[in-house]
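Read through the structure below, which is laid out as structure tokens, and then see the notes.
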Amino acid sequence: MKVLDAAFVQGFIRLCDDGFKQNWHERNGGNLSYRIKPEEVEAVQEELSYDKPWQPIGTSVPDLAGEYFLVTGSGKYFRNVILDPAANICIIQVDEKGESFRICWGLVNGGRPTSELPSHLMNLEVKKRQTNGRYRVVYHAHPTNTIALTFVLPLEDKVFTRELWEMATECPVVFPDGVGVVGWMVPGGRDIAVATSQLMKKYDVAIWAHHGMFCSGEDFDLTFGLMHTVEKSAEILVKVLSITSNKLQTITPENFRDLAADFKVSLPEEFLYEK
Ligand code: 13P
Ligand code: ZN
């Protein structure tokens with residue numbers, strides 16, 4: 001099978017286009033990765049090549065040794081992925097130590113995988129361990145309202161989680177574990193990857209102050225839907241804060257407990273504090 005005919009590649013391209021249409025991907029902003037299933041690698045094997053050099057990942061991901069990933073290219077624009085996938089995305093393989101990668105398909109006009117590859121792979125490694133291999137997608141975007149909130153809310157997990165939960169009843173059901181926040185750091189390297197992957201042990205969402213958001217999930221729909229839900233909630237909060245600094249009413253801790261019981265989710269008490 002041709003790479004571009006594979007369902008996982010089509011799903012990847014669709015997410016890139018959906019994200020661009022949401023205005024989350026100015027210029028080359030954002031990146032996406034997918035941990036490919038062995039049977040999916042097998043199905044496109046005829047198009048994979050193994051003559052490109054190994055290059056250092058910049059961190060170590062031993063639990064991903066030998067695996068294949070579909071990732072966006074560094075400096076490539078999300079809006080161009082649907083127009084010319086083979087020039088803007090690539091399939092990489094990680095080596096047996098989990099320290100290097102090589103490009104097996106794509107980036108036909110040159111280039112390298114996203115500069116956030118260390119964060120993507122470290123997050124995928126954490127999620128693979130914690131979900132018994134279920135989670136396969138890591139998505140980084142620059143959604144406007146979420147970024148705006150990082151200038152006005154304290155950069156604390158418990159504040160962001162509670163404020164975002166209060167803005168829409170579905171939120172605690174969609175992200176019951178809450179969201180983590182990373183204070184401003186230089187992007188693109190190992191340090192921010194370590195900080196983000198620490199948070200991914202607890203959450204499916206990590207917000208990077210003054211930069212953007214990382215989400216992780218089982219598949220493209222769930223991961224895009226998670227980003228969409230958090231950003232929608234952030235938009236409501238931006239609007240509320242623009243109108244008033246004083247909410248007249250909101251969803252209370254007791255309301256959250258009732259919701260948790262009916263929807264059969266467990267909401268950590270650490271986020272249901274009295275204000
Ligand atoms: P890349 O173009 O290298 O993926 O970087 C975009 C980005 O959003 C960095 O955080
Ligand atoms: Zn970014």
Side-chain angles (χ1 to χ4, degrees), residues 9 12-13 15-35 55-59 61 69-92 94 101-103 105-124 137-151 155 160 179-200 203-216 220 223-224 226-228 230-231 234:
V9 180
F12 186 102
I13 294 169
L15 187 151
C16 291
D17 196 50
D18 285 346
F20 172 70
K21 287 175 180 155
Q22 291 294 329
N23 196 27
W24 299 338
H25 299 285
E26 77 291 339
R27 204 173 181 279
N28 64 308
N31 21 77
L32 176 64
S33 61
Y34 171 74
R35 185 167 56 84
Q55 304 177 55
I57 295 168
T59 190
V61 284
F69 302 84
L70 183 59
V71 298
T72 49
S74 186
K76 305 299 184 191
Y77 293 22
F78 265 50
R79 72 181 293 245
N80 290 336
V81 169
I82 196 166
L83 300 175
D84 192 354
N88 292 289
I89 65 179
C90 60
I91 291 176
I92 59 167
V94 168
F101 71 88
R102 62 180 167 187
I103 298 174
W105 174 89
L107 290 175
V108 293
N109 301 326
R112 49 177 294 120
T114 173
S115 59
E116 305 295 359
L117 193 64
S119 281
H120 280 265
L121 293 182
M122 289 190 85
N123 291 340
L124 284 165
V137 182
V138 167
Y139 178 29
H140 169 57
H142 294 173
T144 312
N145 295 284
T146 303
I147 297 169
L149 289 178
T150 65
F151 294 89
L155 299 175
F160 268 75
V179 305
V181 185
V182 180
W184 190 88
M185 289 180 80
V186 176
R190 188 172 182 277
D191 291 351
I192 198 165
V194 169
T196 311
S197 62
Q198 277 298 112
L199 291 178
M200 282 290 173
Y203 309 110
D204 289 343
V205 181
I207 293 170
W208 282 4
H210 323 323
H211 183 143
M213 184 171 11
F214 268 82
C215 289
S216 184
F220 297 118
T223 311
F224 183 84
L226 179 57
M227 179 80 67
H228 207 180
V230 173
E231 170 60 5

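First listed ligand is number 1; within each ligand, the first listed atom is number 1.
Residue K76 has no nitrogen or oxygen atom sitting less than 3.5 Å from a nitrogen or oxygen atom of ligand 1, judged on distance alone. Considering both main-chain and side-chain atoms, W208 never comes within under 3.5 Å of ligand 1 through any nitrogen or oxygen pair. In terms of polar-atom proximity, G29 is not counted as a contact of ligand 1, lacking any N or O under 3.5 Å from an N or O of the ligand. Below 3.5 Å of separation, one finds an N or O of G30 facing an N or O of ligand 1.
Side-chain contact between T72 and N88 is absent, with no heavy atoms from C-beta onward closer than 4.5 Å. Side-chain atoms of H120 and N31, non-hydrogen and from C-beta on, do get closer than 4.5 Å to each other. Contact check for L124 versus Y34: no side-chain heavy atoms found under the 4.5 Å cut-off. When side chains are defined from C-beta on, V137 does not count as touching S33, because their heavy atoms never get closer than 4.5 Å. Residues L121 and I57 form a side-chain contact, since some pair of their non-hydrogen atoms from C-beta on lies under 4.5 Å apart.
Looking from atom 5 (O) of ligand 1 to the surrounding protein, the closest heavy atom is S115 OG, 3.4 Å. At the top of the distance list for atom 10 (O) of ligand 1, counting protein heavy atoms only, stands E116 OE2, 2.5 Å. Of all protein heavy atoms, the one closest to atom 7 (C) of ligand 1 is N31 ND2, 3.4 Å.
Looking at Q55 and R112, their side chains do bring a donor and an acceptor atom within 3.5 Å of each other. W208 and T196 share a side-chain donor-acceptor pair at under 3.5 Å. In this structure, a donor-acceptor pair under 3.5 Å is absent between the side chains of H25 and H140.
Between the T223 side chain and the F220 main chain, no donor and acceptor come within less than 3.5 Å of each other.
In summary, the atoms of ligand 1 found under 4.0 Å from a heavy atom of T114, numbered by their order in the structure, are 1 (P), 3 (O), 4 (O). Near H142, meaning under 4.0 Å from one of its heavy atoms, ligand 1 places the atoms 8 (O). Which parts of ligand 1 touch H211 is read off a 4.0 Å heavy-atom cut-off, strictly below it: atoms 10 (O). Contact atoms of ligand 1 toward H140: 8 (O), 10 (O) (distance under 4.0 Å to a heavy atom of the residue). Near G75, meaning under 4.0 Å from one of its heavy atoms, ligand 1 places the atoms 1 (P), 2 (O), 3 (O).
Contacts between N28 and ligand 1, counted as non-hydrogen atom pairs separated by less than 4.0 Å, involve both the backbone and the side chain.
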